[in-house]
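The basis for the numbers below is simple: all heavy atoms, side chains too, and nothing from hydrogens, waters or symmetry mates.
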Protein chains: 4
Amino acid sequence: MSNNSVLILQTLLGKEITNSPSAVSNWLRPIFTLVEKGHIIAEYTVRQEMTNAAGKLHGGIIACIIDDLMGTTVFTLDRDFFMSTINLSIDYLFGGQLGDVVLAHCEITREGKNIVNVTCKLYNKATQKLIAHGTSNLVTTSTPKIM
Amino acid sequence: MSNNSVLILQTLLGKEITNSPSAVSNWLRPIFTLVEKGHIIAEYTVRQEMTNAAGKLHGGIIACIIDDLMGTTVFTLDRDFFMSTINLSIDYLFGGQLGDVVLAHCEITREGKNIVNVTCKLYNKATQKLIAHGTSNLVTTSTPKIM
Amino acid sequence: MSNNSVLILQTLLGKEITNSPSAVSNWLRPIFTLVEKGHIIAEYTVRQEMTNAAGKLHGGIIACIIDDLMGTTVFTLDRDFFMSTINLSIDYLFGGQLGDVVLAHCEITREGKNIVNVTCKLYNKATQKLIAHGTSNLVTTSTPKIM
Amino acid sequence: MSNNSVLILQTLLGKEITNSPSAVSNWLRPIFTLVEKGHIIAEYTVRQEMTNAAGKLHGGIIACIIDDLMGTTVFTLDRDFFMSTINLSIDYLFGGQLGDVVLAHCEITREGKNIVNVTCKLYNKATQKLIAHGTSNLVTTSTPKIM
């Protein structure tokens with residue numbers, strides 16, 4: 001299913017994101033490989049500044065990727081008002097390394113008028129191992145979306 | 001209570017962290033204002049690159065701050081092996097703005113030999129409002145800590 | 001601070017609950033020892049039917065106690081509409097035994113018009129050890145409360 | 001894949017569980033419809049004592065069903081030692097009613113030697129709507145399993 005928000009994001013398919021209104025998206029540099037209403041697949045390359053003291057992909061960056069992509073996935077619902085994250089819950093299953101490509105699948109699990117539930121899974125693209133999965137609930141705010 | 005790890009971190013009190021072995025810590029630039037075994041208080045200033053599409057403090061950065069400070073707080077236990085994060089759960093209560101100073105209180109709630117439970121609360125320093133609170137469980141790995 | 005809902009619950013202080021409109025409350029048999037707006041302390045005795053295959057207090061019953069007491073604590077806000085639980089997150093820190101008395105402290109952490117955040121901590125009354133802590137978010141529904 | 005624990009549970013397929021070593025299982029009365037290593041499907045009928053003050057399926061009972069079935073699913077791994085739940089995180093998506101049959105799908109998501117990650121989804125059997133989904137992490141203890 002398509003709408004204005006989906007169409008905007010689809011023009012970015014296959015390109016590294018560097019010009020998002022979200023400064024954090026620009027830092028994470030996702031490449032969208034699929035954009036539908038309520039469903040996005042994106043890739044991220046683990047850079048040195050995303051690592052922890054052990055030189056591995058930092059758990060906080062995993063959380064950041066999940067939360068940011070959830071925001072973009074909720075954007076594909078093409079609603080008139082911003083949604084605000086109520087909570088975020090993540091399980092960490094396998095580690096990631098510098099240079100790894102991380103594949104993120106993000107989907108709307110429940111699309112309520114007031115509350116939206118989203119799930120996101122992160123895989124190692126090369127090994128297909130599940131790195132982490134997360135769920136989040138968002139609530140509609142009274143702040144209108146500009147674009 | 002003091003130990004080598006606490007003493008190392010205490011030398012950094014009051015200074016912006018820019019030389020941590022964690023690249024993510026260096027990006028977040030915490031200023032530690034209290035360091036004890038199992039307890040750290042740190043401050044962070046919300047920079048433009050930490051904001052979302054609405055220009056507010058990004059939820060993923062909140063998660064990143066919490067996860068990173070939890071890692072540092074677990075470091076104060078002065079253990080011989082790295083600990084790995086099992087899960088992270090965050091509730092978002094109030095928004096943050098560009099330029100806000102965020103006060104983070106992080107504490108070990110349960111210090112098991114195998115599993116450690118940590119909680120972290122983020123406040124707006126000026127208004128004292130609770131921005132977010134999170135909990136995490138970590139497990140001892142077989143990877144020795146270098147320093 | 002007092003209101004009708006608080007007053008109703010305060011008449012039950014010190015008595016085992018067996019006549020709640022919540023069938024689950026009646027099964028759990030809490031004894032309220034403190035009831036204020038947004039804050040309840042209650043006690044529960046671990047019965048045989050609350051145990052798991054290892055003969056210990058069942059994690060699902062801990063979840064049930066936390067969720068049920070959160071509902072009662074939200075009731076003390078004396079709102080006109082039912083609130084519905086969005087999510088529940090629990091960390092298990094120590095086990096409980098048959099016959100143990102469990103002390104539950106439940107508090108409203110954030111009282112928004114639309115979203116309410118609640119935290120609950122369960123202690124072993126005799127040893128004061130923290131058994132579990134949980135957080136939950138609830139959303140206002142359009143279903144009017146009857147009493 | 002089969003093992004002793006799976007074989008024991010498979011003898012119970014299609015029957016209401018009333019003789020489990022877990023007292024809580026006996027109270028919840030699951031009917032297993034599929035039992036494999038790391039994967040169980042079970043059905044539960046919502047009884048009056050499982051309802052909340054609004055007469056709906058109580059969120060605490062949903063948590064209890066999820067946690068209890070996760071324990072049984074971990075049992076199918078046929079390990080020598082009990083596993084202990086570290087945390088439980090649940091999202092509530094749709095309500096359940098008295099008399100509803102709830103279908104629960106529970107799976108091991110990651111089977112580590114020390115830490116096991118489990119997910120469970122609850123559906124309304126008649127409408128196929130997702131009522132709730134949860135994830136949990138468990139850790140191996142040093143308590144030997146008896147059977």
Side-chain angles (χ1 to χ4, degrees), chain A residues 5 20-28 46-72 74-75 81-95 98 120 132-139 141 143-147, chain B residues 5 20-28 46-72 74-75 81-95 98 120 132-139 141 143-147:
Chain A
S5 301
S20 164
S22 163
V24 170
S25 286
N26 293 331
W27 190 84
L28 294 170
V46 179
R47 305 194 308 269
Q48 198 276 333
E49 61 258 48
M50 296 174 172
T51 57
N52 62 21
K56 307 255 174 90
L57 174 56
H58 193 292
I61 299 300
I62 289 174
C64 206
I65 286 174
I66 289 176
D67 184 72
D68 190 62
L69 191 62
M70 284 173 163
T72 311
V74 166
F75 176 79
F81 296 91
F82 269 110
M83 299 206 72
S84 177
T85 305
I86 297 169
N87 77 298
L88 173 65
S89 178
I90 295 173
D91 290 327
Y92 295 95
L93 307 179
F94 277 101
L98 182 61
C120 187
H133 57 87
T135 69
S136 207
N137 294 285
L138 296 96
V139 61
T141 69
T143 308
K145 272 202 314 197
I146 298 150
M147 57 161 220
Chain B
S5 301
S20 164
S22 162
V24 169
S25 286
N26 293 331
W27 190 84
L28 294 170
V46 180
R47 305 193 309 270
Q48 199 275 333
E49 61 258 48
M50 295 175 173
T51 57
N52 61 21
K56 307 256 174 90
L57 174 55
H58 193 291
I61 300 299
I62 289 173
C64 207
I65 287 173
I66 289 176
D67 183 73
D68 189 62
L69 191 62
M70 284 172 163
T72 311
V74 167
F75 176 79
F81 296 91
F82 269 109
M83 299 206 72
S84 177
T85 305
I86 299 169
N87 77 299
L88 173 65
S89 177
I90 295 173
D91 290 328
Y92 296 95
L93 307 179
F94 277 101
L98 183 61
C120 186
H133 58 86
T135 70
S136 207
N137 294 286
L138 297 97
V139 63
T141 68
T143 308
K145 272 201 316 196
I146 298 151
M147 57 161 220

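No part of B:S20 comes within reach of chain A, as not one of its non-hydrogen atoms sits under 4.5 angstrom from that chain. Proximity to chain B (any heavy atom under 4.5 Å) is restricted, for A:I86, to the backbone atoms N, CA, C and O.
Atom CG of residue A:L88 and atom CG of residue B:L88 lie 6.5 Å apart, to the nearest 0.5 angstrom.
Nearest heavy-atom pair, B:A54 versus A:F82, reported as atom, atom and distance to 0.1 Å: CB-CZ, 3.8 Å. The shortest heavy-atom contact between A:D67 and B:Y92 is OD1-OH, 4.3 Å.
Note: B:V24 leads B:I61, B:V24, B:N137, B:T135 in heavy-atom pairs under 4.5 Å with chain A. Chain B forms the most heavy-atom pairs under 4.5 Å with one residue out of A:G134, A:A63, A:S89, and that residue is A:S89. Counting heavy-atom pairs closer than 4.5 Å to chain A, the top-ranked of the candidates B:N52, B:L28, B:I62, B:N26 is B:N52. If you tally non-hydrogen atom pairs under 4.5 Å between each of B:S136, B:A132, B:C64, B:G95 and chain A, the highest count goes to B:C64.
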